Protein chains: 2
Amino acid sequence: MKDNNDMPGHLARRFQQIAVAVFLAEVEDAGFDLTPVQYAALATIKANPGLDQVTLAGLIAYDRTTITGVIDRLVQKGLAERRPSSRDRRARELEITDEGRRTLRKITPAVESAQRIMLRGLSAKESEELMRLLRKAIAAGNELSRAPLRAAQV
Amino acid sequence: MKDNNDMPGHLARRFQQIAVAVFLAEVEDAGFDLTPVQYAALATIKANPGLDQVTLAGLIAYDRTTITGVIDRLVQKGLAERRPSSRDRRARELEITDEGRRTLRKITPAVESAQRIMLRGLSAKESEELMRLLRKAIAAGNELSRAPLRAAQV
DNA sequence: TACTGATAGTCAGCATACTGAGCAATATCA
DNA sequence: TGATATTGCTCAGTATGCTGACTATCAGTA
């Protein structure tokens, strides 16, 4: 019988579990209330002003049905705005608000600290190697999830 | 601005996302309907007959409030049984059923295949190294989540 | 034994994630 | 142009995961 520790799927779940807990703890210590998912969405909206929801989902590999709720909460917190697209009446254009920009700026140290903490058991070289291997495995498996990463259409 | 691909937390989320999708697809192809979480719980019940819910949660690092629902579904599918403990009237003893045992046996090839597929971008050596680094990072971060891994009390 | 603190389990509530379905709008092509 | 396919978004339903609160029970101790 294989041990859980020999199952990459189980290890993935555990590492992700710790990563989320560390992120939330650091962000809360900094006085903010933002999830990892909300942070990634907000940062991506800031970097790509006016993008629509499907494009946003593709850039961070979220399912399109998940992104709806995430944006709802960003809007409800006053960090982002959703308005009808002028080019395509089905689509919604997303913009970050000033409040969202301020939050992103202030929260950055906590986010970076979280990334360090979740790797605290590894040396710098090991951390690099872990990220390299994860990127490689993810690239090969990208199309296997319902929400693959998609480059923006420019 | 840091790219998502430099954030271990984001990579963790992506890898976990792919791992779950691959697991579900392989298991469904084999004709079964079992999630990764349910599988791990069932396998652990089989390996530790009569254990209580808190011990089970500790062995697979689930939150105790999560395990309730997972066991509900295993029981509802007829794969496990929950009965009052004779030693502690607060506790429930968990047992796998014959049906559960049969399911576990038949599902094993699909589970193993899933673990291979989610690492298909990596060589054997790289896969080993990825698992080693994940184990190391997880060990160092174990206490940082609400549901740390706990050895069984023997 | 009575009090106190800890423990086992559950529940309500919230936030991801997914499946599958549906609506409105757009794109494509005969 | 008109039929068809596709796309953007939303919703209902289900399954993790978490926080925080609660009940019942147990364990240790004054």
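All chains are named by letter (A, B, ...) in the order of the sequence lines, taking the proteins before the strands, and each is independently numbered beginning at 1. Every value quoted in this text rests on a predicted model; they were computed, and no experiment measured them.
Regarding contacts with the backbone of C:dT26, every side-chain N or O of A:Arg87 stays at 4.0 angstrom or more from both OP1 and OP2. Between D:dC18 and A:Gln17, a contact under 4.0 Å exists linking OP1 or OP2 to a side-chain N or O. Dashed line: the shortest gap from a side-chain N or O of A:Gln16 to OP1 or OP2 of D:dT16 is not under 4.0 Å. When the side-chain nitrogen and oxygen atoms of B:Arg73 are compared with OP1 and OP2 of D:dT14, none of them lie within a distance under 4.0 Å.
Following rounding to the nearest Å, A:Asp63 (CG) and C:dA15 (P) show an atom-to-atom distance of 18 Å. Between the CD1 atom of B:Ile67 and the C1' atom of C:dC11 there is a distance of 16 Å, rounded to whole Å. Rounded to whole Å, atom C1' of C:dT16 lies 14 Å from atom CG of A:Leu34. What separates CG of A:Asp72 from C1' of C:dA17 is a distance of 15 Å, to the nearest Å. Between B:Leu149 atom CG and D:dG17 atom P the separation is 14 Å, expressed in whole Å. Between the OH atom of A:Tyr62 and the C1' atom of C:dC18 there is a distance of 15 Å, rounded to whole Å. A:Phe23 has its CZ atom 11 Å from the P atom of C:dT16, to the nearest Å. In this entry the distance linking CG of B:Leu144 with P of D:dG17 reads 18 Å, nearest Å.
Nucleic acid contact for A:Thr35: sugar-phosphate only, since backbone atoms but no base atoms lie under 4.0 Å from a heavy atom of the residue. The residue B:Ala147 sits close only to the backbone: its heavy atoms come under 4.0 Å of sugar-phosphate atoms, none of a base.
Under the salt bridge (Lys or Arg N to Asp or Glu O under 4.0 Å) criterion, B:Arg82 pairs with B:Asp72, not counting sequence neighbours.
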Side chain to side chain contact (heavy atoms under 4.5 Å, CB included) between A:Leu130 and A:Leu122, worked out: CA-CA 9 Å; A:Leu130 174 60; A:Leu122 305 184; 3.7 Å; yes

Check against side chain to side chain contact (heavy atoms under 4.5 Å, CB included), A:Glu26 and A:Val111: CA-CA 7 Å; A:Glu26 287 301 297; A:Val111 171; over 6 Å; no

What nitrogen or oxygen pairs link the protein and nucleotides 5-9 of chain C at under 3.5 Å?
unit_1	atom_1	unit_2	atom_2	d
C:dT7	O2	B:Arg90	NH1	2.3
C:dG9	OP1	B:Gln53	N	3.3
C:dG9	OP1	B:Arg92	N	2.7
C:dG9	OP1	B:Arg92	O	3.4
C:dG9	OP2	B:Gln53	N	3.1
C:dG9	OP2	B:Val54	N	2.7

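Nearest-nucleotide assignment on DNA chain C puts the 5′-proximal partner with B:Thr65, out of B:Thr65 and A:Arg89. Nucleotides of DNA chain C nearest to A:Arg146 and A:Val37 differ in position, and the one nearer the 5' end is that of A:Val37. Nearer to the 5' terminus of DNA chain D, by closest-nucleotide assignment, is the contact made by B:Lys77 (compared with the other of A:Ala21 and B:Lys77).
Looking at B:Glu129 and B:Arg132, a side-chain N of the basic residue comes within less than 4.0 Å of a carboxylate O on the acidic one, giving a salt bridge. Under 4.0 Å is where a charged nitrogen must lie from a carboxylate oxygen, and between B:Lys77 and B:Glu99 no such pair does. The existence of a salt bridge linking A:Glu81 and A:Arg83 is confirmed by a sub-4.0 Å separation between a basic side-chain nitrogen and an acidic carboxylate oxygen. Using a 4.0 Å cut-off between charged side-chain N and carboxylate O, B:Glu95 and B:Arg101 make no salt bridge.
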